[in-house]
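Only one structure is covered here, and it is reproduced in the block below.
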Amino acid sequence: MTKSAQTLFWEGEFGDEYAKRCDFDPLKRVPFWKKIINHAHDAKSICELGANIGINLKAIHQIKPEIELLGVEANKSACDKMALDTCINAIHSPIQDYKPDRKFSLVFTCGVLIHINPDDLPAIYKKMYDWSDKYILINEYFNPKPVAIEYRGNSERLFKRDFASEFMEANDNKVKLVDYGFLWSKVEPTWDNTTWWLFEK
């Protein structure tokens, strides 16, 4: 598959710098993940697409260490750092190229779909559904209509849209909404004003 400009952007130097900016204490994200794990209490395996250095997965491990964790990350330096944590199975691959040989209890993205070429989204929505055994979580910037936003001086690198509705439509509405909410940066500073949706198959 030919890589999009967005994928090449995140695989390169900008992605390296992003990984450095996102290196903070995973415990700061535990409150949100406690809420999600409370809903998905029967989850035995979790796959994060676009996991960066694994902050979310490390937070989950603090809550329920017996859950099997896998992170897929396109940027090699971020993936290498994630792999240092033995609780995570780190996979170096763009989401578009990854082909697991199994399903996971929960498949999720956090601030990743916003950076993907919109042309690739329909296939990724299908993958997230197919790779999940039960739950799918989407946590992204929301906008009722698709818009492109300048991102740190770069155009066509950040997109806001109604990812959840598109995900549902791409999978023939074969999921039910378990819960949803908003992560306000003023009270939860490690999040960046994102909207999340948890679905169940």
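Looking only at atom types and distance, the side chain of Ser77 has a donor-acceptor partner in the side chain of Asn75 under 3.5 Å away.
Screening Leu69, Val107, Asn56 against Glu48 for a side-chain contact (heavy atoms from CB on, under 4.5 Å) leaves a single residue, Asn56.
With sequence neighbours excluded, no residue forms a salt bridge (charged side-chain N to carboxylate O under 4.0 Å, His left out) with Glu169. For Asp85, there are no side-chain hydrogen bond (donor to acceptor under 3.5 Å, both in side chains) partners, not counting sequence neighbours. For Ala90, the side chain to side chain contact (heavy atoms under 4.5 Å, CB included) partners are Cys79, Met82, Ala83, not counting sequence neighbours. With sequence neighbours excluded, the residues forming a salt bridge (charged side-chain N to carboxylate O under 4.0 Å, His left out) with Asp80 are Lys76, listed by chain and number. With sequence neighbours excluded, the residues satisfying side-chain hydrogen bond (donor to acceptor under 3.5 Å, both in side chains) with Glu166 are Tyr125, Arg161. Taking Ala123 as the reference, nothing meets the side chain to side chain contact (heavy atoms under 4.5 Å, CB included) condition, with sequence neighbours excluded. Qualifying ring-ring contact (aromatic ring centres under 6.0 Å, His included) partners for Trp197, counting only residues two or more places apart in sequence or in other chains: none. Applying the side chain to side chain contact (heavy atoms under 4.5 Å, CB included) criterion to Ser185, with sequence neighbours excluded, gives Asn193. Under the side-chain hydrogen bond (donor to acceptor under 3.5 Å, both in side chains) criterion, Asn143 pairs with no residue at all, not counting sequence neighbours. With sequence neighbours left out, the ring-ring contact (aromatic ring centres under 6.0 Å, His included) criterion links Phe167 to Phe199.
The line from CG of Leu121 to NZ of Lys127 is 11.5 Å long, rounded to the nearest 0.5 Å. How far CG of Asn89 is from SG of Cys47: 9.5 Å, rounded to the nearest 0.5 Å. Separation of atoms NE2 (His92) and CD (Glu73) is listed at 7.5 Å; rounding is to 0.5 Å. In this structure, Ile95 CD1 and Thr109 OG1 are separated by 7.0 Å, a value rounded to the nearest 0.5 Å. In this structure, the separation between CD on Gln62 and SG on Cys87 is 8.0 Å, given to the nearest 0.5 Å. The line from OG1 of Thr190 to CG of Leu183 is 8.0 Å long, rounded to the nearest 0.5 Å.
Taking every heavy atom of both residues into account, Ala74 and Pro94 meet most closely at CB-CA, 3.9 Å. Heavy-atom minimum distance, Ile63 versus Lys34: CD1-N, 3.4 Å. Heavy atoms only, all atoms of each residue included: Ala59 and Pro26 are closest at CB-O, 3.5 Å. Taking all atoms of both residues into account, the shortest heavy-atom contact from Pro122 to Pro118 is CD-O, 3.6 Å. Shown here for Lys160 and Phe142, the closest heavy-atom pair between the two residues is CD-O, 4.3 Å.
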- Message: If you apply the rule side-chain contact (heavy atoms from CB on, under 4.5 Å), what do you find for Phe163 with Ile114, and how did you get there?
- Response: CA-CA 9 Å; Phe163 294 99; Ile114 57 173; 3.6 Å; yes
- Task: Carefully, step by step, assess Val175 and Asn173 under the rule side-chain contact (heavy atoms from CB on, under 4.5 Å).
- Result: CA-CA 5 Å; Val175 292; Asn173 295 303; over 6 Å; no
- Query: Given the rule in the side-chain contact (heavy atoms from CB on, under 4.5 Å) test, do Leu198 and Leu106 qualify, once you have shown the distances and angles that lead to the verdict?
  - Reply: CA-CA 10 Å; Leu198 178 64; Leu106 168 65; 4.2 Å; yes
- Begin from the C-alpha positions of Lys99 and Ser93 and carry the test side-chain contact (heavy atoms from CB on, under 4.5 Å) through to its verdict. CA-CA 9 Å; Lys99 296 178 180 179; Ser93 173; over 6 Å; no
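By the rule that hydrophobic residues join a cluster once side-chain heavy atoms approach within less than 4.5 Å of another member, Leu27 and Ile36 end up as members of one cluster. Put simply, Tyr141 and Leu137 are part of two different groups of oily side chains (I, L, V, M, F, W, Y) that touch within less than 4.5 Å, one to the next. Under a hydrophobic-cluster definition in which Ile, Leu, Val, Met, Phe, Trp and Tyr are linked whenever side-chain heavy atoms come within less than 4.5 Å, directly or via other members, Ile67 and Ile88 are assigned to the same cluster. Under the 4.5 Å side-chain heavy-atom criterion for grouping Ile, Leu, Val, Met, Phe, Trp and Tyr, Val72 is connected to Ile116 within one hydrophobic cluster. Tyr180 and Trp184 fall into different hydrophobic clusters, where Ile, Leu, Val, Met, Phe, Trp and Tyr side chains are chained together by heavy-atom contacts under 4.5 Å.
A heavy-atom distance below 4.5 Å is found between the side chains of Ile138 and Leu113. In this structure the side chain of Leu70 reaches within 4.5 angstrom of the side chain of Ile91, judged on heavy atoms. Under the 4.5 Å side-chain criterion, counting only non-hydrogen atoms from C-beta, Ile55 is in contact with Ile53. Within the 4.5 Å cutoff, the side chain of Ile60 has no heavy atoms near those of the Val30 side chain. For the pair Ile37 and Ile46, the minimum side-chain heavy-atom distance is below 4.5 Å.
No more than 12 heavy atoms of other residues, nucleotides or ligands lie within 6.0 Å of NZ in Lys35, so this atom counts as exposed by the packing criterion. Within a 6.0 Å radius of NZ in Lys126, other residues, nucleotides and ligands contribute more than 12 heavy atoms. Around OH of Tyr98, the count of heavy atoms belonging to other residues, nucleotides or ligands within 6.0 Å exceeds 12.
Note on residues 29-54: pairs passing ring pair (Phe, Tyr, Trp, His ring centres under 6.0 Å), not counting sequence neighbours, are Phe32-Trp191, Phe32-Trp196, Trp33-Phe108.
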Just distance, no hydrogens or angles: give the donor-acceptor pairs under 3.5 Å from side chains in residues 128-135, sequence neighbours left out.
from, atom 1, to, atom 2, distance (Å)
Ser132, OG, Lys134, N, 3.1
Ser132, OG, Tyr135, N, 3.1
Ser132, OG, Tyr135, O, 2.7
Lys134, NZ, Asp42, OD2, 2.6
Tyr135, OH, Asp42, OD1, 2.7

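Ser45 places no side-chain N or O within donor-acceptor distance of the main-chain N or O of Glu68, the cut-off being under 3.5 Å.
When ring centroids are compared, His115 and Phe159 stay outside the 6.0 Å threshold.
Classification of Glu200 and Lys174 as a salt-bridged pair fails, no side-chain N sitting under 4.0 Å from a carboxylate O.
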